[in-house]
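Contents: one structure, followed by commentary.
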Amino acid sequence: MFITLPDGKRLDLPKHATAKHVAEAIGPGLAKAALGASVNGQLTDLLSELPDGAQVAILTKRDDATLRLMRHTLAHVMAQAVADVFTAEGTPRDAVKMGIGPVIENGFYYDFDLPRTLVPEDLEKIEVRMREIVAAKLPLRKFELPRAEALTRFKGKDPYKLELIQDLPEDVPLTFYEQGGEGGFTDLCRGPHVPNTGDIPPHFKLMSVAGAYWRGDESRPMLQRVYGVAFRIKEDLERHLWQLEEAKKRDHRKLGAELDIFTLDEDIGPGLPLWLPRGALMIEEIEALAKEMERKAGYQRVKSPHLAKEQLFLKSGHLPYYEGDMFPAMELDNVKYYLKPMNCPFHHKIYAARPRSYRDLPLRLAEYGTCYRYEDHGALMGLMRVRSLQMNDAHIYCSEAQFEDEFMRVIGMYLEYFKLFGVHEYVMRLSKHSKEGLGKKYVDNPELWEKTEDMVRNALQNGGINFIEADDEAAFYGPKIDVQIRSAIGREFTLATNQVDFAQPGRFNLEYIAEDGSRQTPLCLHRAPLSTHERFIGFLIEHFAGDFPLWLAPEQVRIVPIADRHNDYALKLREQLTDAGLRAEADLRGERMNAKVRDAELYKVPYTVIVGDKEVEAGAVSFRSRKEGEQKDMAAAVFVQHLQAHVKGRALEVVPLSHLETV
RNA sequence: GCUCGUGUAGCUCAGUGGUAGAGCACUCCCUUGGUAAGGGAGAGGUCGACGGUUCAAUCCCGUCCACGAGCUCCA
């Protein structure tokens, strides 16, 4: 057989050759440094046989890709360490059962079924043992077993591995990786791995242990998952740990409390946030923005109650398909009432309240209605996952011919918002139904599912929008486009959503008189480009680390008088700013100026205005800004105009005032 | 909902089987200071809730609640 090297050279090799042989053929130095290989562009290891005629490049620790191999082997090293730690305390080896141990972003994990729960001290012990295994430089060996033999190997010992083998297709070779010989550790594994545990750099750390259902199925046993991170060089590990610390600092739950934006109170209930005045101000700014955008885009605003009778939700399909996410009914005069989990049924009723003509379409109804969803306790998280939520909601009723245009207008609106907020990293995700879920999670109409999913896909493709597809993630009434965002601290969640509803308009007998006089059922688009106010504010806090653009900042200007005799001027200035539509506070506490400046900075107020004798005399301000540095002796009126301009344009970036405008 | 962890003042955290402490924040007094903490005094806690063990529980045990990490789920 032969292979081709990156420089185009052909290398002839004996049969069953591996990348290790290639490295050895090239030179002893490379053979020593080699950790893995790229075969026809695929990452693989030195232990796997090469296909005849392959393009082969030998990878060393200098190649980023080998980090994957290191992390994968480290997962095995951890499994071995866990087994060792448990057998050392007298647990029979067979009582330590192994799930799976894959590579993940920044590291790896391994799932275990253990006779007792792991405590933090165990992680320390395991890590110590891992370092010993790495230091022992155990060589890895890859081998294949026939199916029957592989099954015997795990029978009665490890039901998880047994299940994995049984679920693998018959024609897939069952490969194993063994480290440290028979007395070491062997795992059913596809690879790829580094050739020796000594090839793993010591820059790893076990982070946490958490429960995880076997194969992600909540009806299956819960295993103990140990997470670890690993990097090639010390600096990378340190940077990662530092980033985690930084992320904690900009967590919206921490900043939300520090900046007095929202609070959660035990007496009110889990997932039911209270908006403090500063948070309410931000919501009002968001609503003002949305109203402006929607007015331009031809939306009309409506309002609907928070609850409705059972029959409404039976008709909409929420009770059959969504009841688990709803608060339980309250009974009044022998009639069940439910808090609304969505606004759509109400909007359908508004549509149905008048006869509609094709001339009315598209009919775009918007409402920032508060909905209530009974989320699992374990799912609640600050503002990102709550039980009372105010949606930036609207429903667009249109004909099939209008669908694509309306759909793309909504996508266009998303993009406009993202630009305004400086959101650059997002993924559009086409969420589709699954055949298995029909009649259970999804309305049972396979043809319409296929048809609408095609319509959405075509609309996106025609609009040149990049997207990925996800099965079994649709809404019960139709497919949707979710926009996945990664917040500044790396938290991923769904922000905007745009959903197609082919089911509810029919269930509500919604219709319109078409041009030809026939009665037609409209399509409905559900859209929430700003998600819910809760999640969106939570996102904004993390996105800006509390350093909001001026138009969003709850307090835009903090006025700090230097001495008591400047208080009157400070108050006058505050009035001037307030009259100009700006949000300003004067700090009249009996503190020193330095302390007041510090407090304003920690509170992340965009502008701190210092006023003393000079400013009072000149009718001027001196300010320090978090975005444009310091500026002295500026006419108050100029300062006001400067801020107004940024607020009006909802500017993301600050254009500093030129020095020409100072007095 | 599941697994594990946590719960002491507004916040960050000490601490003890004999009913509690620090720093910051808060209130008052002194200080009137030019761009990130001036000084002093005071007030503030059913030690998450309910049971149990004990002469005695914030501490030990149990149940519940809330929060956190992860799993599942989702805007």
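Predicted model, so just to flag it, every value in this text is computed and none were measured. Below, read A as the first sequence line, B as the second, and so on, with proteins coming before strands; counting in each chain starts at 1.
- When Watson-Crick and G-U wobble pairs are counted only if both distances are under 3.5 Å, B:C71 pairs with B:G1.
- Close to B:C71, at under 4.0 Å from its OP1 or OP2, lies a side-chain N or O of A:Y227.
- No donor-acceptor contact under 3.5 Å links the side chain of A:R253 to the base of B:C67.
- Here B:A41 sits opposite B:U27 as a Watson-Crick or G-U wobble pair (both hydrogen-bonding atom distances under 3.5 Å).
- Counting distance only, with no hydrogens placed and no angle test, the side-chain atoms of A:E258 and the base atoms of B:G10 include no donor-acceptor pair under 3.5 Å.
- Below the 3.5 angstrom threshold, one finds no donor paired with an acceptor across the side chain of A:E266 and the base of B:A49.
- Residues A:F476 and A:Y442 keep their aromatic ring centres 6.0 Å or farther apart.
- The base of B:C74 lies close enough to the side chain of A:R535 for a donor and an acceptor atom to sit less than 3.5 Å apart.
- The base of B:U35 does not come close enough to the side chain of A:N594 for any donor and acceptor atom to sit less than 3.5 Å apart.
- Proximity of A:R592 to the phosphate of B:A36: no side-chain N or O atom is located under 4.0 Å from OP1 or OP2.
- Applying a 4.0 Å cut-off to non-hydrogen atoms, the residues of residues 206-224 of chain A that approach RNA chain B are A:A210, A:G211, A:A212, A:Y213, A:G216, A:E218, A:M222, listed by residue number.
- In this model, the phosphate group of B:A75 is not approached by any side-chain N or O of A:R527 to a distance below 4.0 Å at OP1 or OP2.
- Nucleotide B:A14 is matched to nothing when pairs are restricted to Watson-Crick or G-U wobble geometry with both distances under 3.5 angstrom.
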